[in-house]
Amino acid sequence: MTQPTPVLRVLGHRPLLLDLFCCAGGAATGYHRAGFDVIGVDIVDRPNYPFTFVRAEALEYLAALIASREIRRFAAVHSSPPCQAGCALTVGTNASQGWGGGHDDLVAPTRALLERTGLPYVIEQPNGRAEIRKDLSLCGEMFGLGVLRHRNFELGRWTIIRPAHPKHRGYVRGYRHGVYRDGPYVAAYGAGGGKATVPEMQEAMGITWTDVREELTEAIPPAFSEHIGRALLTAVRPVGVAA
C-alpha cells in the first residue's frame, strides 16, 4: 500500500476537507460533525448545501487545485463520482428491460487525480459494478437508521477497521417484483410503489436541511461519513505529535 504523505494540522484547528460531487451535503455534514471544515464542489448549483460551496466541474476544479498547489490547503478529500454505468439499477432492472443509454464512469479519472494530491481520500459508491476497492462497506442498520442505504468506500492512503454487518431487522417497505412487503426500512429512491415520501427520507437518513427529492435520493446519511471522518482524523497528524 502507498504510504500517506504526511499532512499536518494545527492543534485546536479544524482540518479542511474537499467534498467533490457534493450534492446537497449528506457526506459533508457527517465530516463536519467529525471535526472537519468542508468545501463542497458540484457542477449543479446546490443552494441547500450547508457549508462553503463552489459551483464547478469537480475534476477540473481538483486538477486546478493540484496545478496551483492550492491543494495543500486541504487535509483530505471525499468524492462521490457519478457511475451510473455500474450502479445496481443500471446493470439490473434497466438492463433487463432495455432501458437507459450510455453513462459516464468517472471513478477511474477521479482516482487518478486523487492519487496526485498525495492526500488521504475516500471514493464512495453504491452497490453495483463500479470498479472500486471495497475497503469499507456501511449499512444504515449499523447506525440504527430507517434506511439500509448500502454504500462502499475505497480508502486511499489510509485505512479503517471494517465493522461487522449486522443482520437486517426485516424488509424495505414497498413493492418488489409485484409483491408488497412492510418493514422497518423505507426506500429512499424513486417514487411510488410504497417508496418513501420526502419527510420519511429526511427522518430515516437524518437530513433536515433539504426537501428536494433528487438531493435526498442521492445523499448518503451523515452517520456514515461521521464514522469515516472520526477515523480519518487519525490520518491527519497534528503538529507537535510525534510521527
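Sorted by first then second residue, the side chain to side chain donor-acceptor pair (under 3.5 Å) pairs that include residues 60-77, not counting sequence neighbours, number zero. Within the structure, side chain to side chain donor-acceptor pair (under 3.5 Å) contacts touching residues 190-207 (residues at least two apart or in different chains) are Arg173-Glu200, Thr197-Glu200. Sorted by first then second residue, the salt bridge (Lys or Arg N to Asp or Glu O under 4.0 Å) pairs that include residues 18-40, not counting sequence neighbours, are Arg14-Asp37.
Here the closest heavy-atom approach between residue Ser137 and residue Asn152 is recorded as OG-OD1, 2.7 Å. The two residues Met205 and Val147 make their nearest non-hydrogen contact at CG-CG2, 3.7 Å.
The salt bridge (charged side-chain N to carboxylate O under 4.0 Å, His left out) test applied to Glu214 returns Arg46, not counting sequence neighbours. Contacts of Ala231 classified as side chain to side chain contact (heavy atoms under 4.5 Å, CB included), with partners at least two apart in sequence or in another chain: Trp158, Ile160. The salt bridge (charged side-chain N to carboxylate O under 4.0 Å, His left out) check on Glu141 picks up Arg169, with sequence neighbours excluded. In this structure Arg230 satisfies the salt bridge (charged side-chain N to carboxylate O under 4.0 Å, His left out) test together with Glu226, sequence neighbours excluded. Qualifying ring pair (Phe, Tyr, Trp, His ring centres under 6.0 Å) partners for Phe36, counting only residues two or more places apart in sequence or in other chains: none. With sequence neighbours excluded, the residues that form a side chain to side chain contact (heavy atoms under 4.5 Å, CB included) with Pro81 are Phe21, Ser79, Leu106, Val107, Thr110, Ile123, Gln125. By the side chain to side chain contact (heavy atoms under 4.5 Å, CB included) test, Thr217 is found to be paired with Met201, Arg213, residues two or more places apart in sequence or in another chain being considered. In this structure Thr52 satisfies the side chain to side chain contact (heavy atoms under 4.5 Å, CB included) test together with Ile39, sequence neighbours excluded.
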Inset, instruction - Evaluate side chain to side chain contact (heavy atoms under 4.5 Å, CB included) for Thr210 paired with Tyr49, printing each intermediate quantity in order. - result: CA-CA 8 Å; Thr210 180; Tyr49 191 78; over 6 Å; no
Legend entry - Full working for side chain to side chain contact (heavy atoms under 4.5 Å, CB included) between Leu114 and Leu62: CA-CA 8 Å; Leu114 291 174; Leu62 178 58; 4.0 Å; yes
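Using the six-membered ring where Trp is involved, Phe143 and His227 have ring planes that are perpendicular, over 60° apart on the 30 and 60° scheme. Ring-plane geometry between His78 and Phe153 is classed as tilted, the angle between the planes lying from 30 to 60 degrees on a 0 to 90 degree scale.
Judged by distance alone, with hydrogens and angles left aside, the side-chain atoms of Asn127 form no donor-acceptor pair with the main-chain N or O of His150 at under 3.5 Å. Counting only distance, with no hydrogens or angles, the side chain of Glu124 and the backbone of Ser80 share no donor-acceptor pair below 3.5 Å. With Arg157 contributing its side chain and Tyr121 its backbone, the two residues share no donor-acceptor pair below 3.5 Å.
Within the hydrophobic cluster formed by Ile, Leu, Val, Met, Phe, Trp and Tyr side chains joined at under 4.5 Å, directly or through other members, Val44 is accompanied by Ile43.
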